[in-house]
2 protein chains.
Amino acid sequence: MENAGIVRELPPPNVFDRMCPSRGVLEHVTSRWGVLVLGALLERGYRFSELRRRVSGVSEKMLAQTLQTLERDGFVRREAHPVIPPRVDYSLTPLGREAAELVAALAHWSERRVPEVAASREEYDARAAVTAP
Amino acid sequence: MENAGIVRELPPPNVFDRMCPSRGVLEHVTSRWGVLVLGALLERGYRFSELRRRVSGVSEKMLAQTLQTLERDGFVRREAHPVIPPRVDYSLTPLGREAAELVAALAHWSERRVPEVAASREEYDARAAVTAP
DNA sequence: CGGTATCCTGAAGGATACTG
DNA sequence: CAGTATCCTTCAGGATACCG
């Protein structure tokens, strides 16, 4: 007899379900700074301060926090070298590389579609201005 | 003579640049509810209240706000039918479909990788518990 | 039904200072 | 250099009420 007794099927992960853990995973990889950190590390490994310069606008605090979250999820590998001055290298794990390739595709798409989006916004705002009282 | 006088090359869009408009586009499509709305609309068109049920956890306010943002960016088409009771249909534009396919890939990936991420978190937390004072 | 308006709170996130 | 710690501000977002 298959699956006798206790064993139950778990429901398949579903991001549309509020309680599904997959939603948390998705929110980490699509987070404001998570996207950019993954995208940067796809190019190559970076040290902390290199990454801070590469991802313009991120604060030390948010970069550290984002890296910890990504490391905990298994996307980023952190290598601290016990030298003076301290040196810490960050790179992608194989799992992180998968995520990074998907977010990088989205990032490049966003770069390419800036003109269309800008045009759409102008049209929308012009139309709203007419409609408005 | 090409490009005589005034005309300058615009810098290519770069999401890593804090001032680049592509970053705003990326933040809209990767926003907490934007991702899920795009993903849902990739399946089929939805009415407002259908969408609210499909994207579990979203409030009316955030759904309305997200839909407006996506409509303004040219990703979502809004069709209001002047009937009683009111009926409004939302669907993807061709541009929105491109974005939705990319975010859906990320969403499905997140669903598939839940086990790996959960395992990584457990290991991380166990290691942190040992290291901690 | 499909919103908008208002109020309110918690979390995200920036600035600054400090440390191993 | 690579962070932590602290404080403080902003804002996403929830709850509620109301409207065409």
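Labels below follow one simple rule: chain letters A, B, ... track the order of the sequence lines, proteins then strands, and each chain is numbered from 1.
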Q: Using the rule that two of Ile, Leu, Val, Met, Phe, Trp, Tyr join whenever any of their side-chain heavy atoms come within less than 4.5 Å, decide whether B/L41 and A/Y124 are in one cluster.
A: no
Q | Position toward the 5' end of DNA chain C (nearest nucleotide), A/E60 or A/G57 | A | A/G57
Q: Specify the separation, in whole Å, of atom CG of B/L63 and atom P of D/dA15.
A: 15 Å
Q) Side chain of A/R78: nearest nucleotide among D/dG13, D/dC1, D/dA2? A) D/dA2
Q. Could you give the CZ-to-C1' distance, from B/R53 to C/dG2, as a whole number of Å?
A. 12 Å
Q: Using a strict 4.0 Å threshold on nitrogen-to-oxygen distance, state whether A/R121 and B/D73 make a salt bridge.
A: yes
Q.
Please tell me if B/Y90 has a side-chain N or O lying less than 4.0 Å from either OP1 or OP2 of C/dC1.
A. no
**Q.** Atom of B/R18, atom of A/S56 and distance for their closest heavy-atom approach
**A.** N-OG, 2.6 Å
Q. CG of B/L67 versus P of C/dT4: gap in Å, rounded?
A. 10 Å
Q | Per A/K61 side chain, nearest of listed nucleotides D/dG13, D/dC7, C/dG2 | A | D/dC7
Q. Could you state the CD-P distance from A/E50 to D/dG3, rounded to the nearest angstrom?
A. 12 Å
Q: Select base, sugar-phosphate, or nothing to describe what A/Q65 touches, counting heavy atoms under 4.0 Å on all strands.
A: nothing
Q: Ignoring backbone atoms, test whether A/R32 places a side-chain nitrogen or oxygen under 4.0 Å from the OP1 or OP2 oxygen of C/dG14.
A: yes
Q.
Both A/S49 and B/W33 contact DNA chain D. Which one's nearest nucleotide lies toward the 5' end?
A. A/S49
Q. Between B/P13 and B/S22, what is the shortest heavy-atom contact and its length?
A. CB-CB, 4.3 Å
Q. Counting side-chain heavy atoms from C-beta on, which of C/dG14, D/dA2, D/dC1 comes nearest to A/M62?
A. C/dG14
Q.
Using whole Å, what does the distance between atom C1' of nucleotide C/dA12 and atom CD of B/E27 come to?
A. 13 Å
Q) Phosphate oxygens OP1/OP2 of C/dT4: is one of them under 4.0 Å from a side-chain N or O of B/Q68? A) yes
Q: Using whole Å, report how far CG of A/D89 lies from C1' of D/dA2.
A: 12 Å
**Q.** Phosphate OP1/OP2 of D/dG13: any B/S59 side-chain N/O under 4.0 Å
**A.** no
(Q) Using a 6.0 Å distance limit plus a 45 degree cone around the ring axis, check whether B/R54 lies over the aromatic ring of A/F16. (A) yes
Q: Could you tell me whether B/P86 contacts a base, only the sugar-phosphate backbone, or nothing, with contacts defined as non-hydrogen atoms closer than 4.0 Å?
A: base
Q: Considering just the side-chain nitrogens and oxygens of A/Y46, establish if one lies under 4.0 Å of OP1 or OP2 belonging to D/dA2.
A: no
**Q.** Phosphate OP1/OP2 of C/dC1 contacted by B/R47 side-chain N/O (<4.0 Å)
**A.** no
Q) Once you round it to whole Å, what is the distance between P of D/dA2 and CD of A/E79? A) 13 Å
Q.
Tell me whether the NZ or CZ atom of A/R44 lies within the 45° cone about the ring axis of A/Y46 and under 6.0 Å from its centre.
A. yes
Q | Length of the CZ-C1' vector between A/F48 and C/dT19, whole Å | A | 14 Å
